[in-house]
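Note sheet for the following structure.
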Amino acid sequence: MRVGTGFDLHRLGAERPLKLAGVEIPGSPGLIAHSDGDVVFHALADAVLGAAGWTHDIGTLFPDDDPEWEGADSSQLLLRVLALVGAEWSIVNADCTVLCEAPKLSPHRDAMRASLAGVLGIAGTAMGLKFTTMEGLGPIGRGEAIACQAVVLLEPGEELQ
Ligand code: MG
């Protein structure tokens, strides 16, 4: 088994809807990024790459000057990463913590969890998702950014067994 972690943060203020885990969250500007800025998918993609032992991270795999990923739905980045490692590894479980001061994410928990489990191809019970604020401290606490940390456990897929 192999474990990997990922972390991502984007600044708030884009003139598009806020999307986290592929779910549109009303009541906030969007995240500023070359793609749609979905920090949950970005953190998970890096966790998968780390667990699989890739030297690349999503910043090198999907450069922010590549027109293919401009405004991209970030689930597509994660699906691309899963396609890269999927022949050798399959996901046992994943767990994410989203660091967000506002808006309140708990009303969207079920939709976000189902979205993540769907993209990762795992059962909802294998997908952890927690939300926390920064108690008003720092850039996240001031509502200037949203971040996510992720951990993923992989087991050898059919080709490695
Ligand atoms: Mg990112």
Side-chain angles (χ1 to χ4, degrees), residues 2-86 89 91 93-105 108-109 111-122 127-134 137-154:
R2 300 279 293 264
V3 67
T5 73
F7 178 84
D8 195 31
L9 175 152
H10 283 282
R11 286 186 293 129
L12 283 158
E15 289 181 12
R16 59 168 164 245
L18 173 63
K19 266 174 64 185
L20 292 171
V23 175
E24 273 195 26
I25 312 287
S28 172
L31 291 163
I32 299 169
H34 182 62
S35 67
D36 67 4
D38 195 321
V39 291
V40 186
F41 284 134
H42 294 184
L44 275 168
D46 268 345
V48 171
L49 289 167
W54 279 56
T55 54
H56 291 284
D57 58 30
I58 60 165
T60 57
L61 283 177
F62 312 109
D64 62 10
D65 55 1
D66 184 342
E68 181 179 357
W69 303 106
E70 189 171 354
D73 174 345
S74 293
S75 67
Q76 297 303 313
L77 278 71
L78 180 55
L79 286 168
R80 183 75 67 92
V81 164
L82 293 171
L84 289 171
V85 308
W89 299 102
I91 295 173
N93 73 306
D95 193 13
C96 292
T97 301
V98 183
L99 295 81
C100 173
E101 204 70 18
K104 258 209 164 324
L105 299 181
H108 309 284
R109 184 190 311 274
M112 291 171 66
R113 196 158 165 249
S115 167
L116 293 171
V119 172
L120 291 174
I122 57 178
M127 183 69 239
L129 180 63
K130 290 96 59 195
F131 308 130
T132 188
T133 71
M134 294 296 285
L137 298 174
I140 296 172
R142 290 192 296 271
E144 297 168 6
I146 292 175
C148 180
Q149 59 183 24
V151 60
V152 167
L153 186 68
L154 302 181

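First listed ligand is number 1; within each ligand, the first listed atom is number 1.
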Arg16 CZ: over 12 foreign heavy atoms closer than 6.0 Å: yes
CD/Glu68: more than 12 non-hydrogen atoms of other groups inside 6.0 Å: yes
Under 2.8 Å from the Mg ion (ligand 1), the protein N, O or S atoms, given as residue and atom: Asp8 OD2, His10 NE2, His42 ND1
Set of ring pair (Phe, Tyr, Trp, His ring centres under 6.0 Å) partners for Phe62, sequence neighbours left out: Trp69
Neighbour count >12 (heavy atoms, 6.0 Å) for atom NZ, Lys104: no
Candidate list Leu78, Leu120, Leu20, Asp46, test side chain to side chain contact (heavy atoms under 4.5 Å, CB included), partner Phe41, passing option: Leu78
Side chains of Asp38 and Leu31 in contact at under 4.5 Å (non-hydrogen atoms): no
